[in-house]
Amino acid sequence: MTKNLEQMKCLFEPQSVALVGASGNPGKISYNILSNIVASGYKGNVYPINPKGGEILGYKVYGTLEEIPGPVDHAIIVVPAKMVFDSVKECAAKKVQVVQIITSGFSEVGNNEEEKQIVKYAREHDMRILGPNIFGTYSATAPINSTFGPADIMSGGVAILTQSGALGAAMIGKTKAENIGLSSIVSIGNKADIDEADLLEYLMQSDQTKVIFMYIEGVKQGDRLVRTLKEVTKVKPVIVVKSGRSKRGAMAAASHTGSLAGADGVFDAIMRQCGAIRAETVQESLNWCKFLSNTSLPQGPNTVIVTNGGGIGVLAADACEKYDVPLYDDHENLKGIFADKIPSYGSTKNPVDITGGANSAGYEKCLRAAFDNSEVHSVICLGCETAMIDVENLPGMLERIYHDYKDTKPMSFSFFGGDAIEKMVNDLRAKGVPIFNETYDCVSIMGALYKNLHNMNEPAEDYNYVNSIKIDEVKINEIVNKVKADGRTFLLAHESAELMRAAGVSMPVSKVAHTLEEAVDLATSMGFPVVMKVVSKDIIHKSDAGGVALDLENRDEVIDAWEAIMHNCRKYNPNAKITGIEVCEMVKSGTETIIGARQDSSFGPTVMFGLGGIYVEVMKDVSFAALPVSKKEAMTLIKSIKSYPLLLGVRGEAKKDINAVLETIIRVGKVLLCCDKITDIEVNPLVAYEEGDGAKAVDARILLTKD
Ligand code: ACO
């Protein structure tokens, strides 16, 4: 067992709990925490701490932690901010393993320094900190409710990790109202130390936890989160809601918990890469949690929609496409299942229309036939209220079907209509039947289930191909160190080209000329046409300075270009020190792509891919992934852009060399990973030629750390 897991066990399954700042005043937060601990039936030792001593809720109160006779593995600190550090020191002296700091007033209000010092001290003493700025933790395994939220929590299979305290506390009530049983709920607050990755390590192995739901505002140490999520989602579903999608939302999130919200596109892509299922809203994620924690897994992809209305059938089919629910299309088998059970004017094609004349007996006959057929793996049942439908018998029938088949095949229901239907939906939901008014809600839970199935069936990433690709790490670091020694945080074009060549990326032949004669000689020996670019550490944006000349066909054009570039650049920046002019082979035209790799402030090393030109500038058609990427992940990165068909070749154009692009993505990613002084790499454009002809990078921009 890892040290982290051991300490997380002290959070979720403590043997003894000290409550520092315990008060006998029922109006205070600490009193509510103690009363919740008592109400939850916690069996371990409970030690309230308050210098006043006495007794609270029947427990002897200790003046200090030191006075407690036995060991304490878990402490909860509920004293004002200025006293927290001293209490943390006392906890360390008592060899407490994990400390929850409920107190607010740290990084979320700009008090970063003290928060950092507390965590540093705790880590130096082998102790972990949850929070600060949290409402506490509930764990059904212990059981213990050390929150100051509602006392009444229904135990079950859903674990909730929430960065928002208030939303988390409200979710306790909401889950109860919706009959969703919790295995745990953890308020993470400022995430000064313990973060989602630490908690996921525990939840992955917790038998009580069937589904994990994370409400995230910002990600810190995202590279660890990525590694852990990839493991967890192979074992159980992880559902994510992230706020701060919009610019304004991101700013609000940053001030709420003091963390970086990060770019939403990057977050979205990386969650998909890790197999986490992203929900739009908290309600949607709770619907998914409830369903996924109670249903069986489908044995295959054949979903059948049974409906009494064509309209909602079409809506459901649209929703299936949106949420990736695979629909069953074997017309012969569908006909065999349904033809003798529905009128001739119905439809046995999926969505199966059993017609508006169907009553509950008609529904039951069709549903049983669908469930009993071995080729059908899951069923979505829809209904519109009609005069033909016997609403008094409908709930009983649906409940029977649910109980008869829920352990073998997943199903979801949506019924739409007046008061009686509303009442039926509410009553059945309260009994655990997955039923909704809204068709999209009913389909979206099935979508989450299939996404989870897909994740669990995906083989673990294979890095053999990636490991077989070698880059010259020594040379790359040498080039970077030389630039650093020169006091620069960017590489000049010829240095970037040299570095990329060391990484095995195909770059045009190029050399720096220091005189006009040298430029002419270089161009002649290289072969026309050539490109010329100014080389100056004082001119980064070469085109803006008029420092680039393309497609030079002969000696005279090289001479003209030399003079024009020198003239333009001296005018642009009279003080610029011009080292020379780089003469490069002119790259043949092809399909322009762009590859970027950067140290993301949230996720660490990430890679980006897109098609160049307008596709990246106007359409922002790019995709992202966390590094390192496997061959399959690099392929997903390429396929994720909307303009991917252009690489496959459209309207008679030949397919492009996708393998060469993929290999370059892996090489560029490896460059970023091998040198921690590089912050940004942009290969733009990487020209992809026809399949078999490779790809060539025209330009590379590399930025270094500022320190
Ligand atoms: N050791 C132990 N107990 C002490 C010590 C000490 N060194 N010093 C004082 N105490 C006692 C106090 O005497 C008091 O007990 P009393 O009522 O018997 O006098 C008790 O500890 C608590 O101290 P108070 O000064 O009364 O503090 P209070 O309870 O008012 O507030 C709190 C403390 C709750 C930590 C507050 O500072 C705070 O941060 N509140 C915000 C909490 C919060 O919202 N967290 C985020 C949740 S997420 C969400 O939004 C839901």
Side-chain angles (χ1 to χ4, degrees), residues 17-37 46-68 72 74-94 96 99-111 114-115 118 129-138 145-151 153 160-175 185-194 215-218 243 252-253 255-259 282:
V17 175
L19 183 64
V20 183
S23 171
N25 177 349
K28 295 213 170 166
I29 285 181
S30 57
Y31 181 90
N32 285 283
I33 292 176
L34 186 58
S35 115
N36 276 347
I37 292 175
V46 181
Y47 303 113
I49 313 286
N50 187 317
K52 292 177 187 163
E55 205 174 86
I56 307 173
L57 291 167
Y59 289 94
K60 171 179 161 49
V61 177
Y62 293 82
T64 61
L65 272 138
E66 204 186 346
E67 289 171 26
I68 297 172
V72 177
H74 178 150
I76 305 159
I77 294 182
V78 205
V79 292
K82 58 182 185 309
M83 300 174 186
V84 168
F85 201 172
D86 284 341
S87 299
V88 166
K89 288 177 183 161
E90 278 187 46
C91 290
K94 186 68 186 165
V96 171
V99 177
Q100 298 193 62
I101 303 178
I102 304 287
T103 313
S104 302
F106 292 92
S107 65
E108 82 282 8
V109 292
N111 184 7
E114 195 170 8
E115 187 175 290
I118 288 172
I129 301 286
L130 181 65
N133 188 29
I134 58 173
F135 72 82
T137 299
Y138 161 77
N145 177 7
S146 63
T147 73
F148 62 93
I153 304 182
I160 299 179
L161 309 181
T162 170
Q163 211 176 337
S164 162
L167 193 56
M171 276 195 269
I172 296 180
K174 181 69 178 165
T175 49
I185 181 159
V186 184
S187 165
I188 309 177
N190 296 0
K191 275 203 269 204
D193 176 23
I194 294 176
Y215 168 81
I216 294 182
E217 288 179 353
S243 60
S255 60
H256 185 193
T257 41
S259 58
V282 173

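Numbering of ligands and ligand atoms starts at 1, following listing order. Not measured: the values here are computed from a predicted model.
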Any N/O pair [X]/ligand 1 closer than 3.5 Å:
{"X": "S23", "answer": "yes"}
{"X": "N25", "answer": "no"}
{"X": "T103", "answer": "no"}
{"X": "G24", "answer": "no"}

* Asked: salt bridge (charged side-chain N to carboxylate O under 4.0 Å, His left out) with K174: which residues, sequence neighbours excluded?
  -> E178
With the threshold set at under 4.0 angstrom, would you say [X] reaches ligand 1 through any of its heavy atoms?
{"X": "A169", "result": "no"}
{"X": "Y31", "result": "no"}
{"X": "S30", "result": "no"}

* Side chains of P132 and V84: does their closest heavy-atom pair fall under 4.5 Å? -> no
* For Y59, check ring-ring contact (aromatic ring centres under 6.0 Å, His included) against everything at least two apart and list the hits. => none
Per-atom contacts, ligand 1 versus [X] - under 4.0 Å to a heavy atom:
{"X": "K52", "value": "16 (P), 18 (O), 19 (O)"}
{"X": "N50", "value": "2 (C), 3 (N), 11 (C), 15 (O), 16 (P), 18 (O)"}
{"X": "A166", "value": "49 (C), 50 (O), 51 (C)"}

Spatial distance of atom [atom1] ([X]) from atom [atom2] ([Y]) [nearest 0.5 Å]:
{"X": "K89", "Y": "I118", "atom1": "NZ", "atom2": "CD1", "value": "9.0 Å"}
{"X": "D193", "Y": "E115", "atom1": "CG", "atom2": "CD", "value": "10.0 Å"}
{"X": "E114", "Y": "K82", "atom1": "CD", "atom2": "NZ", "value": "11.0 Å"}

Can you find a protein heavy atom closer to [atom] than 4.0 Å?
{"atom": "atom 7 (N) of ligand 1", "value": "no"}
{"atom": "atom 15 (O) of ligand 1", "value": "yes"}
{"atom": "atom 43 (C) of ligand 1", "value": "yes"}

* **Contact summary for T103 and I77, nearest pair of heavy atoms** => OG1-O, 3.7 Å
Going by the closest heavy atom to [atom], which one wins out of [options]?
{"atom": "atom 10 (N) of ligand 1", "options": "A18, P51, G168", "answer": "P51"}
{"atom": "atom 47 (C) of ligand 1", "options": "N190, I134, V61, I33", "answer": "I134"}
{"atom": "atom 22 (C) of ligand 1", "options": "G21, A170, S87, A22", "answer": "G21"}

* Asked: Among protein heavy atoms, which sits nearest to atom 45 (N) of ligand 1, and what does the distance come to when rounded to 0.1 Å?
  -> I102 O, 3.0 Å
